[in-house]
Amino acid sequence: MKGMNYQKYAAYPVVDISTRTWPDRTITKAPVWCSVDLRDGNQALPIPMSVDEKIAMFKLLVSIGFKEIEIGFPSASATEFAFVRKLVDENLIPDDVTIQALTQAREHLIRRTFESIKGAKNAIVHLYNSTSRQQRDIVFRMGKEEIRSIAIAGTRLVRELKEASGNPGIRLEYSPESFTGTELEYALEVCHAVMEEWGASATNKVILNLPSTVELSTPNIYADRIEWFCRNLRDREAAIISVHAHNDRGTAVATAELAVMAGADRVEGALFGNGERCGNMDIVTIALNLLTQGVDPKLDFSDLPAIRDMYRRCTRMDIHARHPYAGELVYTAFSGSHQDAISKGMKAHTKSAEGIWNVPYLPIDPQDVGCTYEAIVRINSQSGKGGIAYVLDKEYGIQIPKWMQPDFGLAVQDVTDRTGEELSPEQIHDLFQKEYIGAKEPYLLRKCHISWDEEDPESNDEVATIINCSIQGPEGDLSFKARGNGPLDAFVRGMSSQTGLDFHVDEYVEHSIGHSSDAQAIAYIRISCADGRLSCGSGIDSNISLASIKAIVSALNRLR
Ligand code: KIV
Ligand code: ZN
């Protein structure tokens with residue numbers, strides 16, 4: 001092994017906050033959500049959304065329940081300007097929804113942003129400038145003072161333009177962009193300056209958005225930074241602390257969750273984690289994580305398939321099959337032990353009185369996000385007998401008893417091992433039919449008549465069953481009349497004497513399939529021979545006794 005050049009990288013600094021309290025907190029209510037799908041999400045697309053696609057996405061976000069939606073960077077793009085104007089001019093923004101427009105802290109861009117939002121009832125002007133040491137030194141070649149004064153000048157202009165507009169519905173969000181690369185004390189200093197310039201107070205709050213512009217550390221360090229920031233803020237009541245996490249290390253959701261525990265009030269993110277580079281924090285995951293803890297997420301993802309479709313149409317992005325909650329395979333179990341546990345959990349849940357979800361391997365009820373149970377258990381060579389039984393039961397009402405499941409499991413495995421492919425529920429059903437119901441050799445039941453003899457000398461007070469059968473056998477037709485203490489007993493006696501095979505029925509279960517007048521009975525039987533061989537069979541008929549007799553014939557046909 002050559003080894004990797006890890007010496008090229010330096011560890012991220014920890015925060016000096018030994019008295020941190022966030023690890024002991026839990027999230028008990030949803031934060032204020034802000035969708036950045038139409039901005040960070042859109043600016044990261046190979047083919048940005050058209051105005052029509054943005055309108056469709058905006059409507060989707062409103063229908064999900066977002067009350068704050070960043071609609072783009074209108075001063076930087078003609079399409080985004082036209083889009084915002086359309087939203088305002090065509091009255092497409094519900095009264096309880098606030099649009100948010102991003103702008104750099106530069107005069108002409110701030111002025112243009114105000115033109116774009118003119119007439120909107122509620123709007124957040126989202127002002128940002130980069131504050132990290134890296135950006136100060138390498139990109140802007142400016143000192144701390146100069147960077148701070150950019151933030152102050154930008155804030156002043158937003159305040160003046162708000163006053164001039166006479167619109168009390170305009171609010172300020174300030175982001176020290178590249179916060180994760182900024183010295184904490186310095187980020188605080190810039191934010192204090194912004195608050196002062198804005199005249200922030202408990203009744204005129206400023207949104208301070210502390211972005212994890214690039215995710216540079218483990219989420220606990222980010223949480224420490226948020227707790228430190230909230231504690232050291234001069235007037236905590238005058239600010240709404242917002243977080244905006246990117247996913248460079250793959251932990252954006254954890255970063256946002258721990259930040260909320262550490263004091264953040266507001267969370268920005270995008271559907272399915274779309275956004276720059278590795279994406280923004282996935283707002284679907286974080287919201288459904290809350291749901292699974294019994295907390296109202298205040299966002300409605302009950303029809304995830306429809307949301308997924310619209311997202312794909314608008315962004316042309318795909319969603320990974322393993323994406324939390326949303327991927328096409330996340331409610332599917334192929335492995336036998338998982339299938340078995342899921343099918344038992346589902347049965348127990350149906351019966352449970354409290355209704356609290358408690359199914360192994362499924363942290364959420366797929367139905368709660370618009371997914372059906374059908375795809376939960378899929379059958380391939382990794383699957384087990386429990387999963388196979390689950391599919392037949394769910395799809396066809398065939399409840400193979402436990403003692404018969406290994407028998408059919410072997411038949412399924414034989415096919416999946418040979419083909420290497422997955423079997424659909426229909427293929428599994430066909431195989432069941434072929435193996436048991438359709439097995440016609442060496443014996444085929446042609447006729448069977450059952451009657452009762454009330455005065456049977458052989459039976460002590462019991463009514464004897466008399467059976468008249470005609471069977472096609474390997475060496476020609478067999479016809480026999482036999483009696484017993486029930487149809488099964490009579491048939492076993494008759495077949496044993498005709499074939500010389502010493503066997504008895506050692507397991508038997510039956511139930512009906514289908515409803516109403518066309519309901520049929522299905523019987524499952526295991527026969528045990530004197531020589532130790534066992535064989536399972538199944539039969540279906542509208543008459544329960546005939547179903548059982550057919551099941552014996554089926555078992556005899558499968559005897560090896
Ligand atoms: O990631 C980021 O820092 C941003 C800012 C503009 C908030 O998107
Ligand atoms: Zn961002």
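Counting from 1, the numbers follow the sequence of the chain as shown. Order of appearance sets the numbers: ligands from 1, and atoms from 1 within every ligand.
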Interatomic spacing from CD1 in I319 to CG in D309 - rounded to 0.5 Å:
8.5 Å
Under 4.0 Å between heavy atoms, the region of V36 that gets near ligand 1 turns out to be neither
Taking only non-hydrogen atoms of S175 and a 4.0 Å limit, the atoms of ligand 1 in range are 7 (C)
Short N or O distance, T213 and ligand 1, threshold 3.5 Å exclusive
yes
For the atom pair OH (Y390) and CG (D340), what is the distance rounded to the nearest 0.5 Å?
12.0 Å
I'd like to know if R111 pairs up with E107 as an ion pair, taking the criterion as any Lys NZ or Arg NE/NH1/NH2 lying under 4.0 Å from an Asp or Glu carboxylate oxygen.
yes
From atom 6 (C) of ligand 1, work out which of H244, R39, E215 has a heavy atom at the shortest distance.
R39
Below 4.0 angstrom, N of the basic side chain to O of the carboxylate: do E68 and R266 qualify?
yes
For N/O/S atoms only: which one belongs to H244 and is nearest the Zn ion (ligand 2)?
NE2
If you apply the rule salt bridge (Lys or Arg N to Asp or Glu O under 4.0 Å), what do you find for R231 with E227, and how did you get there?
CA-CA 6 Å; R231 261 195 222 177; E227 182 160 345; 2.8 Å; yes
Mark up the atoms of ligand 1 that fall under 4.0 Å of a heavy atom belonging to P211, in ascending order.
2 (C), 3 (O)
Within a distance under 4.0 Å of any heavy atom of H246, pick out the atoms of ligand 1 and give their elements.
1 (O)
To the nearest 0.5 Å, what is the distance between CZ (F334) and CD (Q339)?
8.5 Å
Mind checking whether H246 and H244 have parallel, tilted or perpendicular rings, split at 30° and 60°?
tilted
Out of all atoms in ligand 1, which are within 4.0 Å of some heavy atom of N209? Include the element for each.
7 (C)
Side chain, backbone, both or neither: which part of H126 comes within less than 4.0 Å of ligand 1 when only heavy atoms are counted?
side chain
Taking N, O or S atoms only and a limit of 2.8 Å, check whether E276 reaches the Zn ion (ligand 2).
no
What's the atom name of the N, O or S in D40 nearest to the Zn ion (ligand 2)?
OD2
Y128 N/O under 3.5 Å from ligand 1 N/O:
no
Pair E173 + R39: basic N to acidic O under 4.0 Å:
no
Which is the closest N/O/S atom of H246 when seen from the Zn ion (ligand 2)?
NE2
Name of the residue among S130, P211, S212 meeting side chain to side chain contact (heavy atoms under 4.5 Å, CB included) with F179
P211
